[in-house]
Peer 1: 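Pasting a structure below so you can have a look.
Each ligand, and each atom within it, is numbered from 1 in the order the structure gives. All residue numbers refer to positions in the sequence shown, counting from 1.
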Amino acid sequence: MNWLPRPADGQAWVAPSVLSADFSRLENDLSNMTAAGADFLHLDVMDGHFVPNISFGPFICSALRKLSDLPLDAHLMISRPDKYLEPFAKSGIDGLTIHVEAEADVPSTLKRIGELGMKRGISLNPGTDLGDILPYLDQVDLVLVMSVQPGFGGQKFNPVAVEKIAELARRREDEGLEYLINVDGGINDVTGPECREAGADILVSGSWLFGAEDRSARVDVLGGRVG
Ligand code: DX5
Ligand code: ZN
């Protein structure tokens, strides 16, 4: 199991979204991103039902495991995550994040993810009230706040995410909880630092990071590693 603790104050872990990588030269693209300082890899799994798009499943996750030693965190945008927990565990990934809007029973699915040796994540869409995930905060290792409607890379950041991040950070403090706060969608040099300052521990970025000439400079900007 590869995982990371909370980052240092003022910093964030950077998680490139593999969806934006060039799949015809994946090994190259991922080692380049690792050399640039990426901390996690974010794997977007889409079923064409929970979201309109189809991406990849456990089979590709196994291949990614062979290509990278970074912590691999899969974001399941699928209607029935409970049906696929074993194949994802076997693929060797480290974390599995389910959506609260999916059709699965949330507490038993989270419990099973933990029993299978993976970190447990819960995610919510921009239009979903934070109240919907509050009952599960003591059962997760990670909360993924969506700052775009899931389904596609390259969309515009929705600022509703910033308030949710700040509230999650407050609650974690007040209730002595340990989850990492992760944010996903439309993250760039403006929105990334905004989320980090609100309390995000992990910034997912797809098009902005993979589209860069100098990826290392962009990783540093998101991670808060430059003056
Ligand atoms: C959206 C995905 C995101 C997406 C992020 O459905 O969950 O992870 O790939 O890409 P950007 O950073 O381009 O918004
Ligand atoms: Zn994602």
Peer 1: Looking at E178 and R6, is any side-chain nitrogen of the basic one under 4.0 Å from a carboxylate oxygen of the acidic one?
Peer 2: no
Peer 1: Only heavy atoms of H75, strictly under 4.0 Å: list the atoms of ligand 1 that pass.
Peer 2: 7 (O)
Peer 1: Do ligand 1 and S207 have nitrogen or oxygen atoms that lie under 3.5 Å from each other?
Peer 2: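 Such a contact does occur with ligand 1.
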Peer 1: Below 4.0 Å, non-hydrogen atoms only: which portion of S17 touches ligand 1? Side chain, backbone, both or neither.
Peer 2: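 Only the side chain of S17 comes within reach of ligand 1.
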Peer 1: Using a plain distance cutoff, I'd like to know if G186 has any nitrogen or oxygen under 3.5 Å from a nitrogen or oxygen of ligand 1.
Peer 2: yes
Peer 1: Does M46 come within less than 4.0 angstrom of ligand 1, counting non-hydrogen atoms of the residue?
Peer 2: yes
Peer 1: I'd like to know if the side chain of Y179 and the backbone of G121 have a donor-acceptor N/O pair within less than 3.5 Å.
Peer 2: no
Peer 1: Would you call R170 and E167 a salt bridge, taking side-chain N to carboxylate O under 4.0 Å as the test?
Peer 2: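 Yes.
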Peer 1: Number the atoms of ligand 1 from 1 as they appear, then name those within less than 4.0 Å of a heavy atom of H42, with their elements.
Peer 2: 8 (O)
Peer 1: Using a 3.5 Å cut-off on N or O atoms only, is G151 in polar contact with ligand 1?
Peer 2: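 Yes.
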Peer 1: How wide is the angle at the Zn ion (ligand 2) between OD1 of D44 and ND1 of H75, to the nearest 10°?
Peer 2: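 Value returned, to the nearest 10°, is 90°.
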Peer 1: May I ask you to decide whether R225 forms a salt bridge with D39, counting only side-chain N to carboxylate O separations under 4.0 Å?
Peer 2: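 Yes, this pair counts.
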Peer 1: Side-chain heavy atoms under 4.5 angstrom apart, residues restricted to Ile, Leu, Val, Met, Phe, Trp, Tyr: same cluster for V51 and L76?
Peer 2: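 Not linked; separate clusters.
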Peer 1: Should the pair E115-K111 be classified as a salt bridge under the 4.0 Å nitrogen-to-oxygen rule?
Peer 2: yes
Peer 1: Hydrophobic clusters here meaning ILVMFWY residues chained together by side-chain heavy-atom distances under 4.5 Å, can you tell me if V204 and W13 are in one?
Peer 2: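 Each belongs to a different hydrophobic cluster.
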Peer 1: Between P150 and ligand 1, is there a nitrogen or oxygen pair with a distance under 3.5 Å?
Peer 2: no
Peer 1: Is there a donor-acceptor pair closer than 3.5 Å between any side-chain N or O of T34 and the backbone N or O of L30?
Peer 2: yes
Peer 1: Are any of the N/O atoms in S205 less than 3.5 Å from those in ligand 1?
Peer 2: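 In this structure, S205 places no N or O atom under 3.5 Å from an N or O of ligand 1.
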Peer 1: Give the atoms of ligand 1, by number and element, whose distance to some non-hydrogen atom of L19 is under 4.0 Å.
Peer 2: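 Once the distances to L19 are compared, the set is 9 (O).
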Peer 1: Does the N188 side chain pair with the main chain of W208, one donor and one acceptor, at a distance under 3.5 Å?
Peer 2: no
Peer 1: Does ligand 1 have a heavy atom under 4.0 Å from the side chain of W208, from its backbone, from both, or from neither?
Peer 2: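 The answer is neither; W208 stays 4.0 Å or more away.
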Peer 1: Among D44, T97, N182, find the residue that satisfies the side-chain hydrogen bond (donor to acceptor under 3.5 Å, both in side chains) test when tested with H75.
Peer 2: D44
Peer 1: Counting only nitrogen or oxygen atoms and a 3.5 angstrom limit, does D184 reach ligand 1?
Peer 2: yes
Peer 1: Among all protein heavy atoms, pick the one closest to atom 12 (O) of ligand 1 and tell me residue, atom and distance.
Peer 2: G206 N, 2.7 Å
Peer 1: Atom 1 (C) of ligand 1: which protein heavy atom is closest, and how many Å away?
Peer 2: F152 O, 3.4 Å
Peer 1: With atoms numbered from 1 as shown, which atoms in ligand 1 lie under 4.0 angstrom from a non-hydrogen atom of G185?
Peer 2: 14 (O)
Peer 1: For D69, does the CG atom have more than 12 heavy-atom neighbours from other residues, nucleotides or ligands under 6.0 Å away?
Peer 2: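 For D69, atom CG is not crowded (no more than 12 foreign heavy atoms under 6.0 Å).
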Peer 1: For the Zn ion (ligand 2), give me the closest N/O/S atom belonging to D184, just the atom name.
Peer 2: OD2
